[in-house]
K.L.:
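The following block contains the structure, expressed as structure tokens.
Side-chain atoms are counted along with the backbone in the values below, which use heavy atoms only and exclude waters and symmetry mates. Below, chains carry the letters A, B, ... as their sequence lines are ordered, and counting in each starts from 1. Since we're looking at a predicted model, the values are computed, not measured.
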Amino acid sequence: MPKNDVKSGWKSRITLVSMTALLTLAVSGLVITFAPFHAAVEWTVLAHTILGLVTLLPLLWYAWVHWVDYKSYGMSDVVLLGYVAAAAFVLCVLSGLVVTWQGLFGLRMSPVWRNVHLYSTYALVAIALPHVLVVMYRIRNNVAPRTFRPVAVVPLVGVLVFGLVVAGLTAGYNGVEYVNEMPSDYSYLYGEDRPFAPSLATTSSGGAFDEESLANSATCGTAGCHTQILEEWLPSAHRYSSMDPLFQKVQSVMAEQNGPESTRYCGGCHDPISLFSGTKNIFAEDLSSLHGYNEGISCLVCHGVRETDLQGNANYVMTQPPSYLWQWQESGVGKFASDFLIRTYPQQHLELSKRVFKAPEYCAACHKQFIDQEVNRVGWVQLQNQYDNWKASHWYVEDDPARTVECRECHMPLVDSTDPASGDLTDYNRTASDGKHRSHRFVAANTLVPAMLELEGWEEQVALTEEWLKGTYEIPEIHDKWRDGPVVELILDLPESVEPGGTLPVRLVMTANKVGHDFPTGPLDIIQSWVELHVYDQAGNTIFSSGTRDEKHFIEPGSFLFKAEPVDQYGNLIDRHNLWEMVGVRYRRALFPGYSDTVEYMIDCPTTVATSEKVPGREPGGVQTEDYELKVDDTVGEYTVEAKLMYRKVDQFLINFLLGEDSGLTAPVIELTRAEASVKVAPAEQQATISDWQEAPAVAPGG
Amino acid sequence: MGRRAHRLRRVWIWLLSLTVVALVAGIWIYRRLEPETRRPGEELPEITQRLSLDLPEDAPTPSFVDVTSELGLGGFVTFFGARTSQLPEDMGSGAAWGDFDNDGDDDLFLVGAGGSMDLAEDEWAPSSLFENDRGTFRRVESFPETRMLGMGAAWGDYDGDGWLDLVVTGYGRLLLFRNREGTLELDDRLEAPDGWWSGATWGDFDNDRDLDLYVCGYVRYQAGERGRSSQQYGAEVPYTLNPASFDPEPNLLFQNDGRGGFTEVAALYGVSNPGGRSLGALWHDFDDDGWLDLYVANDISDNALYLNRRESFEDSSLASWVADYRGAMGLAAGDWNRDGDDDLFITHWIAQENALYDSRLADMAGAGGVGLTFSDLAAPLGLGQVALQAVGWGTEFADFDGDGWLDLVVSNGSTLETDDEPKRLKRQPAMLFWNRRGESFHDLAPMNAELATPRVGRGLALSDYDLDGDLDLLQVHLGEGVQLLRNDMQSGNWLELRLRRPGTGEALGFTPGAKVTVHVGGAALRRTVGSSSYLSQSSQNLHFGLGQAASVDRIEVRWPAGETEEYAGVAANTAWELVEGDPEPRSVGPRDQRQRLVEFWNRQRAGMDAMKIDGDLERAIEHFRAALELNPEHEDSRYYLANCLVNLGRTDEGLAELQKLRELSPSSHRAHKQWGVLRALNADSESDLREAQAAVERSLEINLEETGSLLVLGEIELLLGEDREADEHLAQACHTNPKAVSGFFLRAYLAWKRGEEEASIQLLERAVAARGEEWKPEGAVAEGDVAQRMHAESTPLSAYWEGWDGTTSDPAAIFARLDERLRSGT
């Protein structure tokens, strides 16, 4: 039986409040879901959340009262719709509370709960509407027409008021306003349509980007979000790509010798924030802007790239990701609200993660370089190119991820993660909840700069880089398709024996083992890897050496080096990274993945062999032992051959040129691997009798 | 029922509201009641700092960038050895900006403080003259070696020939250097008694249009009991470090007779200040009567103000309320509040605050009979208390941010030894006081890492060394070197004025003491040529910050010993030269610099295009020469100019250009190597070859790892008949460089010459391999890949190995021509 004192009737206050709240929440929710990213929508998210929290109790109260009012009704279609709507309502409220909680205090909003909130809203709207309309239809003749008016009008007015409030808030503050303008005296040397030439990098608008819009990487690591990734990035080569003192010096030499505008060539990859803000200009005192200098390849530089071209040389298009309200604030209410918006309204933020980031072709935009006539006025020259050699090597097997090793798999290995972006379903060997993210250290070969600049966390970066260079860095997830052992394997090939006074031929075979591109890989005018070879007799005397460094840190002439000697058109050395003058190379030497190179040494041996000397000794008790002489045949003995493969990031001339000869600086030298073997020394007639001598073994650690 | 339900609802609402209120209140109360741990340095309402002014929101960011090393001043060191705790080691030293070579930019003289008094004189750090070369600095090697316990320096054109001469002071030294059209020579015309000479300042006090010189004497130091301690203003300091332990040294005034002679007249004019331990003095017309007055800063004795009464000086120190008893070091004069008179800023010892003596001249104008007085406003303006912990030295007034108001900068550094390491003096951060529209000063230095880094500061001087329209800052740090901070904080418009007068020679003379008032938008900005700082001298060019004004209304110049002239308004953001008697200002400013820069690059690029793209070497040479006129130090222009000349057969001219490049850039590998190759290619004698050999060896010394020089060296040695050395160098190159065709070929020749035919053929085969294409895996690319070879290496013997047909079987035939050439000698 119907009750007489219905509290949730058509005109009751609680009904009007509840219906207004429900309609406003539903409409604003749909706006949030379907409208494009805009400051107004961000305000809508905040207003929606506040409205939901404020009206939570009235809505629950209404639901309770409404049930009490009609619980005695017998089961009917309307009643059934009511119960189902109630269930949807409960789900909607619950999921709304959960996502609000996650947005306020969590690291990310769970997509499951977000969907529950969305779909329960759909259900609620879809069920509650017939529930109401059916009743209205059935009682249309029993009540005055005015009865329905408030419940039809008030909620609409509520939505309108809500919209006006949001519009007002948006007019009051709509986020960071970027100044996307070139300096008034900007030099368009290569035409107004190519403001960033000779770099191939460009922006989606074709014009300047406010440097702020691509910077502020630190804000990504606050609030516990991408903290680990930020820490990894801080001492990484991507971070110091601009502040690297060597880059800065080369840039200023280029500006002095070839014109400030030409440094834009470097800026596309080394210093994009400065490039796009128009800092690399003829009258500029500094060619790197503050943000550009500090952040190099910032978070948003990589994550803001829209497309890249296989040509390389920074051939990419940069977008200016729209920022969230208060996004660049580092603390306070604004920061809190900004984090809340990123978590609860993440569409725009998720745009920053793209499938293309996995593609080696994406990395190739900067890891593939050339110069052409626009730069050297002479003609095209290939420079460092990690991509094409990887693609041509055995590390690439089309369509077979289990046999292909791509850039990120080595240089961005998986690490344990608390990051909200951990897990990935789109990598063949990963899951959505593997609790890992790809390291943003980009560990490779530079132990010089992080230490020189003492960047945050440089010790760990340098330690990992040394491990990397020595081939001891473990990457479990690709263990079954990568190689063990050193980056380059060494095998010493020696004769079994040599005569005193004869010539000892030493062959050293070097094979690229782990490396995914050439070893070493460019720029080869700067980077050096060389063989340091020593031959010792048993007394430890050096019979021969090659590849040692003098007191000024230069490698001795005649050493075996992996490097290149690029030249200008008169055959003079490109020694200051003055690529604008480079037209070719005198020679270059590097190992293609899986391939070998050999060096031979012909060593003149002395006519006698020193063995370890016997000297008068003392026993522990202090008793003088008797002197004795050991008769040794000084034509018989053994030589030890030791070969080491050394590596340094920057040659000594360049260090001297850029940082001053008096700086006393030199690049750290890393011993990548070594091999050792021995060869017996005896006159030809005695060699046969010394049969128990071990055959000279070829030793390569790990190999 | 209805009433009950109604009640129930009300109860619910109340209950819920109360719960919410109680919850919020509970949290608030809990947070308030929980006591916070005391943090050192936390601000408490009970403690006030009325004299410490908070930084206003509109304060600019003090952007100063350390460019010392980058610009070539990093190698200068003020002090050698370890301190021995004696006063003469601790007081220096200063620096002086002046355009000694008349090329339009300020050069820099740096006084070396010498070093430990236990060291011999020739072991002390020398003073150095640095030439400003378009914003970078190069030591002038021709400047006479000057080693002493140096103090200060000041540029002044005493002979009126338009070239700045230099006076340098020190412990037991007073040196004068005469400038003969850009070359400084020691000049002995100053007859000074033995003494410890500190601040020196040039000024035409007798208005006879030549410069006179005032030199401060500090104390009569006697090395004595080093262990003994004594009291300095109540602080315990070693006896030998306490100026109060020693008698003051009277000061000197050298009057210039205009014919090249100086007479010492300090006592005669009553300005010898025998009771003052003087560290600095400033000529400045404080009372605006057209005659230079003199203010003397004394340590541990009263300061003195001598007003110039034409025939004599009147000691007005007490009457003018500036006989400051505190330990005074640095001096600066300027109209900080734009009230129409010049005020005086003095830096002091620790616990003595700074002093800003505000002149009351303008306020008292019209009040007949009232003399010049000053009142110290440092404390209420925010300049006093902030300096209590600091020992202030060099200081200047300057409008660093270009807002039209004179800011102040102070270099600080203690005279007290550090507790844990007595060989070092305590370091203190510098201070940069921003003048907030004449209302207050605020120290911005803590916002700049360079200024905030504690140092033992002494000298300080300002100059727009890079001609970009703002004043840059140079500080001398005792025991270290100097620090040049480029000013990047100026945001407003600006104006620079260079004041000159016709000199006795062709060059225009300088005008210390000239007073300028720039009228802009109702404000009068006053500046005077001449400065003192501490043992230092700032630029003689005048800088004005103009804020938003794009031009100035008029300029008034009161020439020293001359008339007052007025100039019509000029545009902002430019440097102008005003010449006495010439009503037309001449633009000399960076606007021209910019045009020059643009013109340079247009020429340079046109040269490169003509040479590399069009192959028009004549035109390229023209462009390169024009570019080098604008920037004689441009290496690429000179290198390509030389190569163009050589390619046109003008080898000697090319060699001369490369020689200039070798001198300009001694570490230029390509300059040495290319010069050596060309010299060898065109050698007429053994000595030519020896010169070539030396040049190539130099290139090898610069970069030992390069094989190009080794190969060329081997060829030159072959030409010189040094076969063994040649073989060694060629072998080294071949072992590193697998493409060294010449190396293998010439070693094959040497093997053949030695009669080792088999070895020779093997080496020829390797030369063939080196000449051939490199093998590469399919799809692989390599650095240096080109579509076609675009470089040529001409070496002394390249004709022989390049002309070889690639056969290997008959060495005798292959090497016949080469052998004949080498046997014929040079």
Side-chain angles (χ1 to χ4, degrees), chain A residues 5 7 57 61 256-259 282-283 285-286 376-385 388-389 391-392 518 522-524 528 550 554-561 564-573 575 581 583-590 592 595 651-653 656-657 660-662, chain B residues 1-2 5 9 12 16 65 69 74-75 466 468 486 488 594 597-598 601 604-605 608-609 612-613 634-636 643 667 669-670 673-674 702-708 710 729 731-733 735-740 776-794:
Chain A
D5 54 347
K7 295 188 185 62
L57 291 179
W61 175 246
E256 280 163 22
Q257 298 302 328
N258 201 42
I282 180 166
F283 302 118
E285 285 191 15
D286 284 313
N376 70 7
R377 295 179 169 87
V378 179
W380 189 91
V381 187
Q382 177 73 63
L383 296 181
Q384 59 174 311
N385 183 343
D388 280 315
N389 281 1
K391 189 83 182 271
D518 274 9
L524 289 184
Q528 294 175 318
D550 65 14
F554 281 105
I555 303 164
E556 66 178 299
S559 303
F560 179 92
L561 276 89
E565 282 185 10
V567 287
D568 66 17
Q569 65 190 103
Y570 303 106
N572 288 316
L573 190 68
D575 51 6
E581 295 176 88
V583 300
V585 287
R586 190 178 285 140
Y587 81 93
R588 68 288 180 89
R589 188 174 242 154
F592 188 79
Y595 282 68
D651 71 81
Q652 190 59 38
F653 169 80
N656 289 350
F657 174 74
E661 222 165 318
D662 306 331
Chain B
M1 283 295 283
R9 197 176 70 178
W12 267 112
L16 282 171
V65 179
S69 298
D466 51 1
D468 66 346
R486 189 184 69 214
D488 283 352
R594 284 184 154 217
L597 189 66
V598 170
W601 283 116
Q604 205 272 343
R605 290 195 186 102
M608 296 293 268
D609 289 345
K612 294 196 173 189
I613 298 172
H634 194 255
E635 293 188 33
D636 276 13
N643 283 305
S667 66
H669 182 276
R670 63 181 177 179
K673 183 181 156 237
Q674 189 72 356
I702 293 168
N703 187 350
L704 200 57
E705 293 155 2
E706 198 246 359
T707 62
L710 278 172
H729 286 134
Q732 286 173 342
H735 205 250
T736 301
N737 173 358
K739 303 295 285 177
K776 271 190 307 206
E778 198 187 331
V781 297
E783 242 178 83
D785 282 351
V786 289
Q788 79 262 349
R789 187 179 165 97
M790 296 180 287
H791 71 276
E793 290 193 57
S794 277

K.L.:
What residue, out of B/Pro738, B/Gly779, B/Ala787, B/Ala731, has the most heavy-atom pairs lying under 4.5 Å from chain A?
P.N.:
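Option with the top pair count is B/Pro738.
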K.L.:
Quick check on the interface: out of B/Glu778, B/Gln674, B/Lys739, who has the most heavy-atom pairs with chain A under 4.5 Å?
P.N.:
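With the most close heavy-atom pairs to chain A, the winner is B/Gln674.
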K.L.:
If you count heavy-atom pairs under 4.5 Å between each of B/Val786, B/Asn703, B/Val781 and chain A, which one has the most?
P.N.:
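Most heavy-atom pairs under 4.5 Å with chain A: B/Val781.
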K.L.:
Check each atom of A/Glu256 against the heavy atoms of chain B and say whether the ones under 4.5 Å are side chain, backbone, both or neither.
P.N.:
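Interface part for A/Glu256: backbone (N, CA, C, O).
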K.L.:
Can you find a pair of side-chain heavy atoms, one from A/Pro557 and one from B/Leu704, that are under 4.5 Å apart?
P.N.:
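In contact.
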K.L.:
Between A/Gly379, A/Ala564, A/Gly584, A/Pro566, which residue shows the highest count of heavy-atom pairs closer than 4.5 Å to chain B?
P.N.:
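That would be A/Gly379.
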K.L.:
Strictly below 4.0 Å, N to O, side chains only: are A/Arg588 and A/Asp518 in salt-bridge contact?
P.N.:
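Salt bridge absent between A/Arg588 and A/Asp518.
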K.L.:
Can you measure from CG (A/Asp575) to CZ (B/Arg670) and round to the nearest 0.5 angstrom?
P.N.:
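That separation rounds to 8.0 Å.
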K.L.:
What residue, out of B/Thr707, B/Val65, B/Val598, B/Ile613, has the most heavy-atom pairs lying under 4.5 Å from chain A?
P.N.:
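Heavy-atom pairs under 4.5 Å are most numerous for B/Thr707.
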K.L.:
Heavy-atom cut-off 4.5 Å, strictly under: side chain, backbone, both or neither for B/Arg789 against chain A?
P.N.:
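No part of it gets close to chain A.
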K.L.:
Between B/Ile702 and chain A, with a heavy-atom cut-off of 4.5 Å, which part of the residue counts as in contact: side chain, backbone, both or neither?
P.N.:
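B/Ile702 touches chain A through backbone and side-chain heavy atoms alike.
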K.L.:
Could you look at A/Glu661 and say if it's the side chain, the backbone, both or neither that has a heavy atom under 4.5 Å from chain B?
P.N.:
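Looking at A/Glu661, nothing touches chain B.
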K.L.:
Tell me which of these, B/His669, B/Arg486, B/Gln788, B/His729, has more heavy-atom pairs under 4.5 Å with chain A than the rest.
P.N.:
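Going by pairs under 4.5 Å, I would pick B/Arg486.
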K.L.:
List in chain and number order the residues that pass ring pair (Phe, Tyr, Trp, His ring centres under 6.0 Å) with A/Tyr587, two or more places apart in sequence or in another chain; answer none if no residue qualifies.
P.N.:
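With sequence neighbours excluded, A/Tyr587 shows a ring pair (Phe, Tyr, Trp, His ring centres under 6.0 Å) to no residue whatsoever.
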K.L.:
With a 4.5 Å limit on heavy-atom distance, are the side chains of A/Arg586 and A/Leu573 in contact?
P.N.:
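A side-chain contact exists here, since the closest heavy-atom pair is under 4.5 Å.
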K.L.:
With a 4.5 angstrom heavy-atom cut-off, is it the side chain or the backbone of A/Asp568 that approaches chain B, or both, or neither?
P.N.:
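Backbone plus side chain of A/Asp568, per the 4.5 Å heavy-atom cut-off to chain B.
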K.L.:
Just say parallel, tilted or perpendicular for the rings of A/Tyr595 and A/Phe592, cut-offs at 30° and 60°.
P.N.:
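If you compare the ring of A/Tyr595 with that of A/Phe592, the planes turn out perpendicular.
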K.L.:
Heavy-atom distance under 4.5 Å between the side chains of A/Arg377 and A/Gln569, does that happen here?
P.N.:
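Result no, sub-4.5 Å side-chain heavy-atom pair not found.
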K.L.:
With chain A as the partner, which of B/His634, B/Lys673, B/Gln604 has the greatest number of non-hydrogen pairs under 4.5 Å?
P.N.:
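With the most close heavy-atom pairs to chain A, the winner is B/His634.
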K.L.:
By a 4.5 Å heavy-atom criterion (distance strictly below it), what part of A/Val567 contacts chain B: side chain, backbone, both, or neither?
P.N.:
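It is the side chain, since no backbone atom gets that close.
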K.L.:
Under a 3.5 Å cutoff, is there a donor and acceptor pairing between the side chains of A/Glu581 and A/Gln257?
P.N.:
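Absent: no donor and acceptor within the cut-off.
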K.L.:
Do you know which of A/Ile282, A/Asp388, A/Asp662 has the most heavy-atom pairs under 4.5 Å to chain B?
P.N.:
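With the most close heavy-atom pairs to chain B, the winner is A/Ile282.
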K.L.:
Is B/Lys776 paired with B/Asp785 through a side-chain N to carboxylate O contact shorter than 4.0 Å?
P.N.:
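Yes.
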K.L.:
With respect to chain B, which residue among A/Leu383, A/Leu524, A/Asn385 yields the maximal number of heavy-atom pairs within a distance under 4.5 Å?
P.N.:
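The candidate making the most pairs under 4.5 Å is A/Leu524.
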K.L.:
Under a 4.5 Å cutoff for heavy-atom pairs, which residue among A/Asn258, A/Asn376, A/Asn656, A/Asp550 has the most contacts with chain B?
P.N.:
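Heavy-atom pairs under 4.5 Å are most numerous for A/Asn258.
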K.L.:
Can you list everything that forms a ring pair (Phe, Tyr, Trp, His ring centres under 6.0 Å) with B/His791? Sequence neighbours excluded, please.
P.N.:
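If we apply the ring pair (Phe, Tyr, Trp, His ring centres under 6.0 Å) test to B/His791, skipping adjacent residues, there are no hits.
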K.L.:
Within the 4.5 Å heavy-atom criterion, are B/Asp488 and A/Asp286 side-chain neighbours or not?
P.N.:
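Touching, per the 4.5 Å side-chain cut-off.
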K.L.:
Could you tell me which portion of B/Asp609 (side chain, backbone, both or neither) has an atom closer than 4.5 angstrom to a non-hydrogen atom of chain A?
P.N.:
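Both parts, heavy atoms under 4.5 Å.
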